[in-house]
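The figures here come from the full heavy-atom set of this structure, side chains too, leaving out hydrogens, waters and symmetry mates. Here is how names work: the chains are called A, B, and so on, in the same order as the sequence lines, proteins then strands, and each is numbered from 1.
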2 protein chains.
Amino acid sequence: MARSTRESILTATAELMRHRGYGAVGMKDIAAASGAPIGSLYHHFRGGKVQIAREALVNAGAAYAMLIPTVVDGYTDLGAALEGVFEQAAQDMAATGFANMCPIASVAAEVADTVAELREVSAGIFTGWLDGGTAYFTARGLPAPTARQVTVALVAALEGAFVLARTMRDTEPLLAAGRVLGPQFRGVALTAAAPAPAP
Amino acid sequence: MARSTRESILTATAELMRHRGYGAVGMKDIAAASGAPIGSLYHHFRGGKVQIAREALVNAGAAYAMLIPTVVDGYTDLGAALEGVFEQAAQDMAATGFANMCPIASVAAEVADTVAELREVSAGIFTGWLDGGTAYFTARGLPAPTARQVTVALVAALEGAFVLARTMRDTEPLLAAGRVLGPQFRGVALTAAAPAPAP
DNA sequence: GTCTATATCCTGATAGAC
DNA sequence: GTCTATCAGGATATAGAC
């Protein structure tokens, strides 16, 4: 529920780019979806489309950073937790008609070679996720190297499975990824959850 | 090395879209990269840009379908093979300055909600990969359900790690994914390789 | 079949009245 | 701060000479 014009522009942009990526979202679309006329877009964001996308990505990245801890908090076994994350993702995606996908990866893959500034922002968000996830799993009792590897593999598999699932309109990739990643860590205990870090 | 005008248009398009996706590649770019003037593009592909992209994706999809079997053929242990695939991918990506990425996922993520025809083509290619990989691992002695799960998880993790690695310009995501996926299957034997199927 | 010139539309961005 | 009208450039696609 964004209140200010600025915020409504950013949330509308994140939502649009989650579905259509960067290039296919026009300033006119953002104006229509946010309720603000084109002139206001440039009034609030002097840097134009790139700046709007940049700030929308940063906001969305911060929101998504809390998703994995939120799910994993409910588990005391790492293997079960990993499977749970993928099952939750599969459920969400099916519930939204296979339209749900994080805007970061969607935009990142598209602009990695074309809009340097957005690639850099996306890279920073990914780095924050990986560092934050590592800190979280370390706080839950995993050795740091394991925590890092599990986090990186989890995020990579999730993002890839999202692409397959969305394209094929089938949750199989998410469920299969969870069933392959999870069992290896069954029996690895997670200690009591500390307050989740927000990187 | 494409010989005909038609072929050179398709290979140039695949190469361009591997780097820039769908929207950011213009007909003018395709004309320049292939050496064919704009008029020839429409002479050979009456359906315009969408048809060119469609055929370029199908060609590239068939080429990529053989990559995993090519690497895995060199192994007799499934765990080592999986790690080997990710190490090979990491090496390739670093060698190309983090520009290397399969054009299918790149385009698929971008057009899943905007260009129905290309989403359908991409879905067909993914399905072909998964079916082909399952058949390959089955031929190498794995039970069918395991073969399917391993294939789906492998492709999903690869594609996701590609996005992270390309954005962060770092091979860590590929290597971490390989080191998490591989160990679970160490000790699972692959029988003598049959001729790889080309789905 | 090859190639040039152009038509039509849509984009991001700006100027300036309210 | 809000909003409208418009600019300049680039997109896909076409027409038609060679």
Suppose we screen for side-chain hydrogen bond (donor to acceptor under 3.5 Å, both in side chains). Which residues come up paired with [X], at least two apart in sequence or across chains?
| X | result |
| --- | --- |
| A:D170 | none |
| A:Q184 | none |
| B:R179 | none |
| B:R186 | B:E83 |

Got a list of side-chain donor-acceptor pairs under 3.5 Å for residues 85-93 of chain B, not counting sequence neighbours?
from, atom 1, to, atom 2, distance (Å)
B:Q88, NE2, B:D92, OD1, 3.1

Practice task
Check every nucleotide of DNA chain D for an atom under 4.0 Å from a heavy-atom of chain B, then give the first and the last such nucleotide from 5' to 3'.
Solution key: D:dT12 to D:dT14
Practice task
Scan nucleotides 4-14 of chain C nucleotide by nucleotide, 5' to 3', and note B when protein non-hydrogen atoms come under 4.0 Å of the base, S if they reach only the sugar-phosphate, - if neither.
Solution key: B-------SBB
Handout entry: Check: A:D73/A:Y136 side-chain N/O donor and acceptor closer than 3.5 Å
Key = yes
List the atom pairs, donor and acceptor, that lie under 3.5 Å between side-chain atoms in residues 118-125 of chain A and the rest of the protein, sequence neighbours left out.
from, atom 1, to, atom 2, distance (Å)
A:R119, NH1, B:T167, O, 2.7
A:S122, OG, A:L118, O, 2.8

Practice task
Can you run down the salt bridge (Lys or Arg N to Asp or Glu O under 4.0 Å) pairs that involve residues 153-166 of chain B, sequence neighbours left out, and say none if there aren't any?
Solution key: A:D113-B:R166
Problem - Between the first and last five pairs of the helix from C:dG1-D:dC18 to C:dC18-D:dG1, the angle of the axes, rounded to 10 degrees - result: 0°
Exercise for the section: Please collect all ring pair (Phe, Tyr, Trp, His ring centres under 6.0 Å) contacts where either partner lies in residues 87-127 of chain A, sequence neighbours excluded, each pair once. Expected result: A:F126-A:W129
Problem - Summary of side-chain hydrogen bond (donor to acceptor under 3.5 Å, both in side chains) pairs that have at least one residue in residues 23-43 of chain A, sequence neighbours excluded - result: A:R20-A:D29
